[in-house]
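Input: a single structure, listed below in structure tokens.
Please read all numbers here as calculations on a predicted model, not as lab measurements. Note that ligands are numbered from 1 as they come in the structure, with each ligand's atoms numbered from 1 the same way. We count residues from 1, following the sequence as given. For the numbers below, each heavy atom of this structure counts, side chains included, while hydrogens, waters and symmetry mates do not.
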Amino acid sequence: MTHIDPDLRREVINRAGNCCEYCLLSQEDYPFTFHIEHIIAEKHRGKTAFDNLCVSCPDCNVYKGSDLSPVDKKSGEIVTLFNPRKHRWRDHFRLNGAEIELLTPEGRVTVFLLRFNNPERLTERKFLMQLGRYPCQPQA
Ligand SMILES: [Zn+2]
């Protein structure tokens, strides 16, 4: 894993309001440290730069891996994943209770690949919603 300068790391975390930029979980509600994720993976020549980094919970990061453009099961087309630097979350997803619903093909491949609605993740979000702690609200 590439070393990320502590100042850069802090700026990325501040921009995200300490939220996972994919599933909107807060770092404060998660037992393990969130990752600073390369949106375009280093193996695809993604840079360690402010515009290519985001905050990701370990679940989203592990499921995403270095993928960029999965095949959309519905259309059979190659579709780019949701990119927190290029897309607005609410344009691609919406919450129905704790379930993250898709609004676009980008949303569909992301919901599927990152397994947003796995039963244990849904249970966790329902619980956090009852406490008024989900979704995490980035300051920006
Ligand atoms: Zn996440």
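- Of all non-hydrogen atoms in Y22 and S56, the two that sit nearest each other are CD1-OG, 3.9 Å.
- A donor atom on one side chain and an acceptor atom on the other are not found under 3.5 Å apart for R45 and N52.
- Residues that satisfy the salt bridge (charged side-chain N to carboxylate O under 4.0 Å, His left out) test with E37, not counting sequence neighbours, are K64.
- If you look at the Zn ion (ligand 1), the protein N, O or S atoms less than 2.8 Å from it are C20 SG, C23 SG, C57 SG, C60 SG.
- Below 30°, between 30° and 60°, or above 60°: for Y30 and F32 the angle between ring planes is above 60°, a perpendicular geometry.
- C136-C19 SG separation is under 2.5 Å; the pair is scored as a disulfide.
- The side-chain heavy atoms of K73 and R108, taken from C-beta on, include no pair separated by under 4.5 Å.
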